[in-house]
Amino acid sequence: MSVGGVILAAGRSRRMGTDKPLLNAGGRSFLGRLAEAAGEAGLAPLFIVVGDNAEVIRARHPELSDRLICNQQLELGQLHSLRLGIRSLPTCCSAALVLPVDHPAVSARTLSA
């Protein structure tokens with residue numbers, strides 16, 4: 001059984017004043033921690049839906065560049081980001097885990113379970 005992963009990271013983070021994916025959590029960015037946990041849990045493929053922050057994320061995390069999907073219609077909300085991510089998964093994926101980027105403390109063990 002193949003389980004893919006989708007990290008939702010397209011929000012504008014207006015209240016935070018900075019991009020949530022790039023916030024620091026224990027010396028790593030939220031996005032970096034989540035992508036690492038997803039990889040350790042065996043989620044494959046893993047896609048990250050980004051928005052206006054795409055270039056900043058690409059510059060900070062070049063190792064994730066080929067996994068980024070840009071939501072160019074942010075006004076359609078988080079559900080549109082979810083659709084983009086799910087549609088990007090190959091048909092061999094029998095399931096997917098969706099991870100909001102603002103929960104960086106989730107462990108690989110939790111994702112595996």
Side-chain angles (χ1 to χ4, degrees):
M1 178 165 105
S2 177
V3 179
V6 175
I7 297 176
L8 300 177
R12 290 195 167 122
S13 306
R14 288 184 197 142
R15 290 176 299 197
M16 296 298 296
T18 188
D19 291 321
K20 281 184 195 175
L22 302 177
L23 287 174
N24 186 341
R28 306 230 18 238
S29 72
F30 280 24
L31 179 58
R33 289 180 61 92
L34 272 177
E36 181 178 352
E40 289 175 7
L43 300 183
L46 174 68
F47 291 108
I48 303 150
V49 183
V50 296
D52 296 343
N53 55 2
E55 291 311 311
V56 174
I57 289 174
R58 198 177 314 275
R60 176 92 177 267
H61 287 286
E63 74 282 5
L64 300 176
S65 270
D66 61 337
R67 300 176 188 192
L68 299 184
I69 298 166
C70 192
N71 178 354
Q72 297 180 349
Q73 295 179 292
L74 293 175
E75 70 279 0
L76 297 179
Q78 191 176 50
L79 183 57
H80 185 64
S81 289
L82 176 61
R83 286 182 184 135
L84 289 172
I86 295 293
R87 287 180 186 153
S88 297
L89 295 171
T91 57
C92 66
C93 286
S94 54
L97 284 178
V98 177
L99 310 168
V101 77
D102 55 357
H103 293 278
V106 67
S107 68
R109 182 175 172 202
T110 298
L111 296 177
S112 293

Heavy-atom closest contact (I86 atom, V98 atom, distance): CD1-CG2, 4.4 Å
Other residues, nucleotides, ligands: >12 heavy atoms within 6.0 Å of E40 CD: yes
Separation between CD of E55 and SG of C70, rounded to the nearest 0.5 Å: 8.0 Å
Side chains of P21 and N53 in contact at under 4.5 Å (non-hydrogen atoms): yes
Worked verdict on N71 versus Q73 for side chain to side chain contact (heavy atoms under 4.5 Å, CB included): CA-CA 5 Å; N71 178 354; Q73 295 179 292; 3.9 Å; yes
Min side-chain heavy-atom separation I57-D19 under 4.5 Å: no
S29 OG to H61 NE2 distance, which is reported to the nearest 0.5 Å: 2.5 Å
Minimum-distance pair of heavy atoms, taken over all atoms of L89 and A96: CD1-CB, 3.5 Å
Minimum-distance pair of heavy atoms, taken over all atoms of A9 and I48: CB-CG2, 4.1 Å
Min side-chain heavy-atom separation L111-L99 under 4.5 Å: yes
Value rounded to 0.5 Å, distance of CG in L43 from CG in L97: 5.0 Å
Nearest atoms (heavy-atom pairs only) where A25 meets R33: O-CD, 3.0 Å
Inter- and intrachain pairs under salt bridge (charged side-chain N to carboxylate O under 4.0 Å, His left out), touching residues 96-112, at least two apart: K20-D102
Same cluster (ILVMFWY, side-chain, under 4.5 Å), I69 and I7: no
Heavy-atom closest contact (A10 atom, S81 atom, distance): CB-OG, 3.6 Å
Interatomic spacing from OG in S88 to CG in L46 - rounded to 0.5 Å: 11.5 Å
Same cluster (ILVMFWY, side-chain, under 4.5 Å), L8 and V50: no
P45 and C93, any side-chain heavy atoms less than 4.5 Å apart: yes
